[in-house]
Amino acid sequence: MEKRVVFRSWWLPYVLVAPQLAITIVFFFWPAGQAVWQSLLAQDPFGISVEFVGLENFANLVADEHYLASFQVTAVFSLLVAGVGMSVSLLLAVFADRAIRGAGLYKTLIIWPYAVAPVVAAILWLFLFNPTLGVVAHWMRALGMTWDPLLDSGDALALIVIAATWKQVSYNFLFFLAGLQSIPKSLIEAAAIDGAGPGRRFWTIVFPLLSPTTFFLLVVNIIHAFFDTFAIVDAATGGGPGQATEILVYKVYKDGFKALDLGGSAAQSVILMAIVIALTVVQFRYIERKVQY
Amino acid sequence: MIENRPGLTLVTHAVLWGGVAVLAFPVWVTFVASTLTAEQVLAAPMPLLPGGRFFENYVEVLLHGAGNSEAPAWRMMVNSFVTAMVIAIGKIAISLLSAFAIVYFKFPFRMFFFWMIFVTLMLPVEVRILPTYKVVSDLALLDSYTGLTLPLIASATATFLFRQFFLTIPDELAEAARVDGAGPMRFFWDVVVPMSRTSVAALFVIQFIYGWNQYLWPLLVTTQESYYTVAIGIKRMIAGGGDAATEWHLVMATAMLAMVPPALVVILMQKWFVKGLVDTEK
């Protein structure tokens, strides 16, 4: 789509795009290029000698069991966050779509956690699940469950999944609700006249028609779990116990800033960039095509 | 509703109230903890009804900070507010300009520039941490508001959104402006900007929350406590490991302070918030 009417100037458009482009080049393209370049170098931690090593950093990563473990943790973590978060949100959205009285109030009461910073979300849940003084941890002990996210890697993973999911429910809820409201009421009425109950109507009509929204949210949730959860991991577990909750973005940070392994950290950055690019391409291609049965 | 099923209506309200309660529970406990004394919080389980130290605890963190962090919370709140405002306004301003240029002018490299901006969607700060940090440090922007905000101001989503919106502005308006002898910038200020008010408000809400909640970037570029944002400061208040060493009642008061401004923005500007969220994901 193009404008028929345009203004003419040989310099003004360049001036207008200049601020955006300058920031993009200085803070996006230049560092991204640097990351690619550094991923091909090996540097000692003191920065005294630098050597071109080709793909050696990548080869080291692929052979590094910690890195592979981090990949696995990230995969499990993002699938759990996406799966649990979307199921809960869909449930709430379906009921909120039903409730006529108080629908607006419910909506407000469900969307506000979006505003909470990930780091604050992590601290809230860390406090509730703190083994010695947390309220929920206390209830769990009363029920005879053992719980210690500082020692048990499963518990630590559960903690960050809960914090990340809690924050994401409101987002999913809004999109599911919008999706539900765009389904033509006539379809549902027709099914009701034919004698289909609410459950059957949901599974045979509503759920299939929601598939574009579901697919879109799946991609967005995975991106969220991959990249927006650094603060949650940093505040709730610090990657521990051991490396049990060290997701990929956390490892890039730790290897780069704490272990000063510049080449290795840069190689990880490049792999992450490849993942974001793949996810973004998937998102744009399939959302245009509208997944539907 | 299609048929009247009182039982199902009851279940509907029960499920929704259950969901609301689970979502609100952590915040309730946080609020309660922020009104207790340190000893009451440490007594497992802590009480679930507010205590009488609301005023003392909030004054304490606002003026003196807590734990390892000496920075008073009011200072961190000011830093967060400045950061969030500069990021939100900066993003909107430079995106309005660049979208205007891309839509209303024909010039060499137009689409190339557009794609250059668009591709930045694929480069979140998390994947290029070290080199970006190095650029900012080479430019001597560490520990400054410029360093905190400038690298986060470029926005592909905002540019994209404004471009979509400008394309829907009728051509007749630009035609009329040209016939009347108005130049492009006059047209921009008097027609395009006023017409974009709704999109600007929606984006502002989203970007304010984005800026307020930044964590990784401020963590890297601030070393002095006077530049801590509240998201960074609250993490520093938690002592490593030892539970007794952390002043949880004060940390929880800070958590409430960190949550209230963005939550108010979402609740009070709900209409713009929903629009912004839906628009930016198109």
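A, B, ... follow the sequence lines: proteins, then strands. Residue 1 opens every chain. Treat the numbers as computed from the prediction; the structure is a model and nothing was measured.
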Which side-chain hydrogen bond (donor to acceptor under 3.5 Å, both in side chains) pairs, counting each pair once, include a residue from residues 108-118 of chain A, with sequence neighbours left out?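 Matches after skipping sequence neighbours: A:Thr108-B:Gln270.
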
Using non-hydrogen atoms only, which part of [X] is less than 4.5 Å away from chain A: side chain, backbone, both, or neither?
X        : value
B:Val260 : neither
B:Met259 : side chain
B:Leu48  : side chain
B:Ala24  : both

How close do [X] and [Y] get, heavy atom to heavy atom, and via which atoms?
X        : Y        : result
A:Leu109 : B:Leu23  : O-CD1, 4.4 Å
B:Val22  : A:Trp166 : O-NE1, 4.2 Å
A:Phe7   : B:Gly183 : CE2-C, 4.3 Å
B:Gly19  : A:Leu92  : CA-CD2, 3.9 Å
A:Ala115 : B:Asn213 : O-ND2, 3.0 Å
A:Pro19  : B:Ile94  : CB-CG2, 3.8 Å

Can you check whether B:Trp248 and A:Phe127 have ring centres sitting under 6.0 Å from each other?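 Distance test on ring centres: under 6.0 Å, yes.
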
Let me have the donor-acceptor pairs involving side chains of residues 22-34 of chain A, under 3.5 Å, with sequence neighbours excluded, atom names and distances please.
from: A:Thr24; atom 1: OG1; to: A:Gln20; atom 2: O; distance (Å): 2.5

In Å and rounded to the nearest 0.5 Å, what is the OG1 to CD1 distance from B:Thr30 to A:Ile123?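 One finds 9.5 Å between OG1 of B:Thr30 and CD1 of A:Ile123.
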
How many angstroms lie between atom CG of A:Leu21 and atom CZ of B:Phe113, to the nearest 0.5 angstrom?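 The CZ atom of B:Phe113 is 5.5 Å from CG of A:Leu21, to the nearest 0.5 Å.
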
Which label fits B:His13 and A:Tyr106: parallel for a plane angle under 30°, tilted from 30 to 60°, or perpendicular past 60°?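 Rings of B:His13 and A:Tyr106: tilted, 30 to 60°.
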
Option in [options] with maximal non-hydrogen atom pairs under 4.5 Å from chain A:
options                              : result
B:Val274, B:Leu150, B:Val136         : B:Leu150
B:Phe109, B:Phe100, B:Tyr133         : B:Tyr133
B:Pro261, B:Pro108, B:Ala99, B:Gly90 : B:Pro108

Partner of B:Phe107 by ring pair (Phe, Tyr, Trp, His ring centres under 6.0 Å), out of A:Trp11, A:Trp10, A:Tyr14: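 Of the listed options, the one satisfying the test is A:Tyr14.
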
